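For clarity, every value in this text was computed on a predicted model and none was experimentally measured. Residue numbers start from 1 in every chain, and the chains themselves are labelled A, B, ... in the order their sequence lines are given, proteins ahead of strands.
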Amino acid sequence: MRMDFLEFSRICETLEHTPGRLDMTAIVQDALSSLDEGDLPLFIRYLMGRPFPDWSQDKIGIGPNSVYDAVAYVTGKDRGAVVSTVNQSGDPGRAVESLLANKEQRSFFSESLTLADIANDFTILATTSGTKSQKEKDRVLRRFFGNTSPLEGRYLARLLLGELRIGIGEGTMRDAIAGAFSVSPAAVEHAYQASNDLGEVALIAHKGEDALYAVHIEPFRPVKMMLAKQGTVTDMLIESGVLAAEYKYDGTRFQFHKSGGVCRMYSRKLEEVTHAIPDVVAMLDAATSHDIILDGEVIAVRDGRPLPFQHVLKRFRRKHDIASHIEQIALVPNIFDIVWIDGETLIDLPLSERRKRLETAVSGEYVAPQLMSGDEEEIDLLYRTALDDGHEGIMVKDIHSPYTPGVRGKF
DNA sequence: GTAGTGTACTGCC
DNA sequence: CTCCGACGCATTCGG
DNA sequence: CCGAATGCGTCGGAGGGCAGTACACTAC
């Protein structure tokens, strides 16, 4: 039995009124247990407010104005009326809900939408492009809101706009999956870090804990970037003894994949940007002969000094006039981590080990300099050097720390 | 048809 | 990116 | 001794400014 979007909406509403995290986890866990395999990934993604897996390049390309237009159309109002309703409540979802509730004419033959229907239409929204594509997207949205009940409208609008706001994040979902399939949260976390899709992880969790641990990173399926955590050098020294300190670059994060002679570049949000920076891709390609996944920061330079962030931005996601901008703004990669090499996943190794692997596998030119030190004054000196050299400051990392994708670890 | 302008959307820090 | 609030959990405080 | 208060960590969400892409519409 396929899940209807109405049932999904009811679960959302329950969760929205549940303050405690443990209670929320229990509710999600119950729902997961009763789902069939086809709906499981969809339910999980949608509950986290994401139309597609994070590694996917698909985007629905719908913003507030498109949604308001569609709601205006099906309720027989103009967009101004919809916008003012939204402004009154401050919540697009609630506004859509009340407008749908008040509309005079209800379609008699409204079909019930299933999660699979939604998925299908999301794909249409993501893949439609070119002339008249806007009209086609409008048609999809009108069909959506013409067929939804007010409650469904609330959550469909929010899902389209990427602001579900029911408080289900990765941690809660991880624990719910672990509970539903009787596996440890750690196993779920491991599979999630490697596959970057909790929907798929739930399917694997069905097969047991061993299957979860057997999931590994694959090239061209980007993993989340590890994030920095705030703290003081003094505290970290007390905690760890020895730290790895590097420049904090004022640029843009990248993830470089190379396998079978093919190279691809990904942005922080895991959007592919290979085409925008072929010069940087070529530098990295030449720097190693391994199949590899590297993590680093691209900065703009002139006369050996870093340029402000804006210069990088002009190039990083560009699709037009690329050649002329390569001449105007020189980019340089600074590699500071390695995630995977020749089929081997490295994220569980401590930073110090990963650093060794990085230095062996990649020629030195673009590997970010690193100071390994337990001396606060020495680290402070590096900080001043960083500022003198035009960088933002320094990053300090625990040398024992594994690579934790998407988590603010002791980087 | 092509060029220019306006609207909507996304992603980076 | 940064900032902030809610909750959970462990520890300490106070009668 | 035990319940309440406190403090810390985790998680989720909001906001601000800039740069760019894609499509639609109009004018020539």
Participant: Have a look at A:R318 and say if it touches a base, only the backbone sugar-phosphate, or nothing, with a 4.0 Å heavy-atom cut-off.
Facilitator: sugar-phosphate

Participant: Regarding A:E271, tell me which of base, sugar-phosphate or nothing describes its non-hydrogen contacts under 4.0 Å with the strands shown.
Facilitator: sugar-phosphate

Participant: A:I166 near the nucleic acid: base, sugar-phosphate alone, or nothing, with a heavy-atom cut-off under 4.0 Å?
Facilitator: sugar-phosphate

Participant: If you look at every heavy atom in A:F5 and A:E152, which pair is closest and at what distance?
Facilitator: CE2-O, 3.5 Å

Participant: Of all the choices, D:dC18, D:dC11, B:dG11, which nucleotide is nearest to the side chain of A:Q310 once you look at every atom?
Facilitator: D:dC18

Participant: If only atom types and distance count, is the side chain of A:R315 paired as donor or acceptor with the main-chain N or O of A:I329 below 3.5 Å?
Facilitator: yes

Participant: Check whether any side-chain nitrogen or oxygen of A:H320 sits under 4.0 Å from OP1 or OP2 of D:dA22, and answer yes or no.
Facilitator: yes

Participant: If you only use heavy atoms from C-beta on, which nucleotide in B:dA8, B:dT10, B:dC13 is closest to the side chain of A:R268?
Facilitator: B:dC13

Participant: Does a donor on one side chain sit under 3.5 Å from an acceptor on the other, for A:E246 and A:Q370?
Facilitator: yes

Participant: Answer with base, sugar-phosphate or nothing: what part of the nucleic acid does A:R174 contact at a heavy-atom distance below 4.0 Å?
Facilitator: sugar-phosphate

Participant: State which of B:dC12, D:dA22, C:dC1 makes the closest approach to the side chain of A:T252.
Facilitator: B:dC12

Participant: When you measure from the side chain of A:R317, which nucleotide among B:dA8, D:dA24, B:dT10 comes out closest?
Facilitator: B:dT10

Participant: What nucleic acid atoms does A:R158 come within less than 4.0 Å of, heavy atoms only: base, sugar-phosphate, or nothing?
Facilitator: nothing

Participant: A:R253 has a side chain; which of B:dC13, B:dA8, B:dG11 sits nearest to it?
Facilitator: B:dC13

Participant: Out of B:dC9, D:dA19, B:dG11, which has the shortest distance to the side chain of A:K314?
Facilitator: D:dA19

Participant: Can you give each donor-acceptor pair under 3.5 Å made by side-chain atoms of residues 113-125 of chain A, sequence neighbours left out, with the distance rounded to 0.1 Å?
Facilitator:
from	atom 1	to	atom 2	distance (Å)
A:T114	OG1	A:A116	N	3.4
A:T114	OG1	A:D117	N	3.0
A:T114	OG1	A:D117	OD1	3.4
A:T114	OG1	A:D117	OD2	3.1
A:D117	OD2	A:T114	N	2.9
A:D121	OD1	A:R143	NH2	2.7
A:D121	OD2	A:R143	NH2	3.3
A:T123	OG1	A:A119	O	3.0

Participant: Would you mind telling me which of B:dC12, D:dG12, C:dC9 lies closest to the side-chain atoms of A:T172?
Facilitator: D:dG12

